[in-house]
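What you see below is based on every heavy atom in this structure, not just the backbone, and it leaves out hydrogens, waters and symmetry mates.
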Amino acid sequence: MGYNIGVRLVDEFLAKSNVSRCVDFKETAEVIAKVGFKMFLGVTASVSNWDAEGTACSIILEDNPLVDFVELPDTCQGLYYCNILSGVIRGALEMVSMKTEVTWLRDMLRGDDAFELQVKLLKQVPEEYPYKDDE
């Protein structure tokens with residue numbers, strides 16, 4: 001859910017943000033948290049809990065405008081209401097050659113103290129150009 005939104009949203013982000021090419025996954029995660037969330041949701045997030053290889057981290061949101069005025073009924077406690085955000089991030093990163101897995105670790109609608117997404121880099125896809133340069 002949200003994957004196709006991310007695929008399209010990355011074009012707008014790159015056109016309007018004036019962000020230069022990210023060097024590695026750590027810088028990419030920081031740009032998503034500080035610039036992307038601010039641009040599209042009006043909130044900033046923090047990046048923490050990096051693994052030793054630098055391929056997995058947590059993006060923590062203190063505030064999430066998607067859940068204003070939302071209460072989950074008891075019958076829907078297994079639902080991750082904001083799962084669309086994980087799809088958006090996965091789709092956007094795939095468009096910039098990063099295959100990722102994005103999962104929710106904590107959700108305030110389920111009684112946790114913050115919203116926390118885990119972003120795990122599965123592989124860096126090499127860029128392919130459709131045409132060879134003229135030699």
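- Neither Leu122 nor Leu105 shares a network with the other; the hydrophobic side chains, linked directly or stepwise wherever heavy atoms of I, L, V, M, F, W or Y lie under 4.5 Å apart, form separate groups for each.
- For the pair Ala29 and Cys57, the tightest heavy-atom approach, listed with the atom from each and the gap, is CB-SG, 3.9 Å.
- Expressed to the nearest 0.5 Å, how far CD of Glu101 lies from CD of Gln118 amounts to 7.5 Å.
- Annotation for Ala56 and Lys120: closest pair CB-CG, 3.9 Å, computed over non-hydrogen atoms.
- Side-chain contact between Val7 and Glu94 is absent, with no heavy-atom pair separated by less than 4.5 Å.
- Two different hydrophobic clusters hold Ile60 and Met39 under the rule that ILVMFWY side chains link at heavy-atom gaps under 4.5 Å.
- Contact record, Glu116 with Ser58: OE2-OG, 2.6 Å, taken as the closest heavy-atom pair.
- Side-chain contact between Ile32 and Leu93: present, with at least one pair of heavy atoms (C-beta onward) separated by less than 4.5 Å.
- For Ala92 against Val10, the heavy-atom pair with the smallest separation is O-CG2, 3.8 Å.
- Across all non-hydrogen atoms, the minimal contact from Gly54 to Phe25 is O-CD2, 3.6 Å.
- Summarising the geometry, atom CG belonging to Leu61 is positioned 8.0 Å from atom OG belonging to Ser46; distances are rounded to the nearest 0.5 Å.
- The aromatic rings of Phe13 and Phe40 sit tilted relative to each other, their planes meeting at an angle between 30° and 60°.
- Rounding to the nearest 0.5 Å gives a distance of 10.0 Å between CZ of Arg90 and CE of Met95.
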